[in-house]
Amino acid sequence: MAGQLDAERVLAELVVSAADLTGARYAAIAELDAYGETTTFVQQGVTPEEERVLGHPPRGHGVLGALPQEGVLLLEDLTRHPAFGGFPPGHPPMHTFLGVTVAAGEISLGRLYLAEKSGGFTAQDVETVQLLAAAAAVAIDNARLYEQAQDRERWLAVSQEITTALLEGSDEEDVLQLVARRIREVADADTAAIVLPSVDDEWVTEIVDGAHMAEMIGNTLHEDGHAIRSVRTARGSIVESISREPDRFIAPARAFERALYAPLLSSGADGDGHDALGVLILFRLPGRPAFTEGDLAVANDFGAQAALALRLAAARHAEDVASLLNERNRIARDLHDLAIQQLFATGMRLEHAKSLLAGDNPAEVGVRTEIDQAIDGVEEGVRQIRGIVRSLRDRDEHLPVVERLVREASLARASLGFAPSMLLTLDGEQLASLDTSGDVASEIDARLGDRLGDDLVAVVREGLSNVARHAAATSARVEIRVDARTVSVTVTDDGRGADPASDRRSGLGNLASRAAEHDGVSRLEPGPDGCGSQLTWEAWIG
């Protein structure tokens, strides 16, 4: 038995040997999980018809629950034991009984018991059953170790598959859907859900695969739930029974009984703490075995690797976008500075040549006509190149400023690990919502103009980038005030604050330069409560 790696086959051989060696009519063994629940049950003696009537294996209560951790329970008539609670309907009658706990040290792996031996069980039977139980403990432990090794290999294969998909540039939502599907399969879960940060510091189930998928998607999780606790503590957890604490779960999750939470962790900006980019949740329906600490350990390892891949993919995407924008700007600049200027020079030379042909000679008149057409062609070429230059600019620059600000906050979520909050105040009145296409957006565009609007968006982008790079924050707030003559931006975070020893001030220098162009100021200070930092940027309109 010790050479077998298939636990169920080991148990089947065990009960047959136990019955043959002791002469018992009935023999059975139940393998237990870490919570004492039966995961595998194999028996000898009960007919298939009787099994169908009974419906489910014994749950380990009553006399079975009275088995000692060490030694045996030997009874001449188990029905007279104080813990006996009666047989279920259809159960065959049993009297003589011999039971032993299958254990590895202090850990209970299962229960082995025999019943109905004519004349009762002997001391030799007790010794035989104890030897079988010891051998079974080694065999079960070996089978579990082998199964855990196979599980870890499958988890690592899935992790590698997902990381490859991310680094190949696949769409993030497609990759997250792949994560949910493959993890559900390899973890033998009924449902997998990925929770990501949303607006107003809320966490939402954005990706779901498996049972009850439609009901699970889009739910905002409870503040006192296990998922939010995993985010705050950066630690995973196992829930043995959802039905024991239903109020801590969203309604669709109450259809399940088991749950496992693994935060998607990446190293913090300072290399010390960790940032939770999301939470992976696995569910199992009632009747399924509970998740183990081994499952949690592997899920935590996977979560860290998946979070790192998400960070790398986000950085790569940002780099690609920046390279594209830089190339477009270079082409636009070259067209403006070289091609248009060359055409202007050519047009001026044509105008000069035309002025030299002042006579009424028909030939000169024909030449002037050709020159006029050439000048028109030059002017049309200039107009076309200007149109190309405008189209090469970042397309977002032609959107309303409010919409561009909302996009900046959304894009910053990938690098921050959370969604920053944004408030907009117009003439002293705070707007309840950021309407990107209404009268308010049009009014702000009209007041700021193109240049100041571009600077405002750039300031918000730079402010949030500074928080992501240096603050190690868990929340950030952007407040924008637009008045009759001034506009201001305040970016506040709860991070570690500015490093006075740092000499990397290029970003702050850019902000100061933008403010100076509009007779304004820019400053970085500690947060209002002494925690974190606060960036303030102000400019005059006009």
Side-chain angles (χ1 to χ4, degrees), residues 269-270 315 318-319 321-322 325-326 329 333 393-394 396-397 399-426 434 444-445 447-473 475-483 485-542:
D270 56 1
E319 183 178 354
V321 171
L325 293 178
N326 288 336
N329 289 333
R333 184 173 59 252
R393 296 182 70 201
D394 184 357
D396 284 353
E397 294 179 7
L399 296 173
V401 170
V402 175
E403 182 170 350
R404 292 164 61 190
L405 292 171
V406 171
R407 289 191 178 193
E408 289 299 329
S410 178
L411 291 172
R413 188 178 77 175
S415 56
L416 289 169
F418 56 85
S421 61
M422 179 172 288
L423 299 176
L424 179 59
T425 300
L426 178 61
L434 299 180
I444 291 175
D445 283 347
R447 290 195 190 184
L448 300 180
D450 292 342
R451 186 177 175 187
L452 183 53
D454 291 347
D455 284 340
L456 180 65
V457 174
V459 168
V460 171
R461 180 186 303 144
E462 182 67 28
L464 291 175
S465 296
N466 283 336
V467 174
R469 290 194 301 267
H470 308 303
S475 67
R477 178 188 183 97
V478 179
E479 298 179 71
I480 302 166
R481 299 181 63 89
V482 180
D483 296 318
R485 301 298 299 166
T486 62
V487 58
S488 67
V489 177
T490 304
V491 181
T492 308
D493 66 74
D494 64 351
R496 62 189 178 193
D499 182 3
S502 175
D503 58 358
R504 298 183 61 183
R505 299 289 180 177
S506 58
L508 298 178
N510 291 336
L511 296 179
S513 297
R514 291 182 185 275
E517 290 177 3
H518 303 282
D519 299 323
V521 295
S522 176
R523 57 184 179 274
L524 180 64
E525 305 169 314
D529 56 356
C531 176
S533 60
Q534 179 172 287
L535 170 67
T536 303
W537 186 89
E538 299 173 339
W540 284 88
I541 298 175

> Rounded to the nearest 0.5 Å, how far apart are CG of Leu452 and CD1 of Ile444?
Replying inline: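 Taking CG in Leu452 and CD1 in Ile444, the distance rounds to 11.5 Å.
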>> Glu525: which residues meet the side-chain hydrogen bond (donor to acceptor under 3.5 Å, both in side chains) condition with it, sequence neighbours left out?
In response: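 side-chain hydrogen bond (donor to acceptor under 3.5 Å, both in side chains) check on Glu525 returns nothing, list empty.
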> Got a sec, which residues hit side-chain hydrogen bond (donor to acceptor under 3.5 Å, both in side chains) with Arg523, two or more places apart in sequence or on another chain?
Replying inline: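 For Arg523 there are no side-chain hydrogen bond (donor to acceptor under 3.5 Å, both in side chains) partners, ignoring immediate neighbours.
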Exercise: identify the closest heavy-atom pair between [X] and [Y]:
{"X": "Val467", "Y": "Ala476", "result": "CG1-CB, 4.4 Å"}
{"X": "Gly453", "Y": "Leu448", "result": "N-CB, 4.0 Å"}
{"X": "Ala515", "Y": "Glu538", "result": "CB-O, 3.9 Å"}
{"X": "Cys531", "Y": "Gly495", "result": "SG-O, 4.1 Å"}
{"X": "Pro400", "Y": "Asp445", "result": "CA-OD2, 3.3 Å"}
{"X": "Ile480", "Y": "Val489", "result": "CG1-CG2, 4.4 Å"}

Set of side chain to side chain contact (heavy atoms under 4.5 Å, CB included) partners for [X], sequence neighbours left out:
{"X": "Thr486", "result": "Asp483, Trp540"}
{"X": "Glu479", "result": "Leu423, Arg477, Thr490"}
{"X": "Ser475", "result": "Asp494"}

> Do Trp537 side-chain atoms and Leu511 backbone N/O form a donor-acceptor pair below 3.5 Å?
Replying inline: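 Confirmed, Trp537 side chain pairs with Leu511 backbone.
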Any side-chain heavy-atom pair of [X] and [Y] under 4.5 Å:
{"X": "Leu405", "Y": "Leu456", "result": "yes"}
{"X": "Arg447", "Y": "Leu426", "result": "yes"}
{"X": "Val491", "Y": "Val460", "result": "no"}
{"X": "Ser522", "Y": "Leu535", "result": "yes"}

> Excluding sequence neighbours, so at least two apart, what forms salt bridge (charged side-chain N to carboxylate O under 4.0 Å, His left out) with Asp455?
Replying inline: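 Residues passing salt bridge (charged side-chain N to carboxylate O under 4.0 Å, His left out) with Asp455: Arg514.
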> Taking Arg461 as the fixed residue, which of Glu408, Arg407, Arg404 is the one that meets the side-chain contact (heavy atoms from CB on, under 4.5 Å) rule?
Replying inline: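 Single side-chain contact (heavy atoms from CB on, under 4.5 Å) partner of Arg461 among Glu408, Arg407, Arg404: Glu408.
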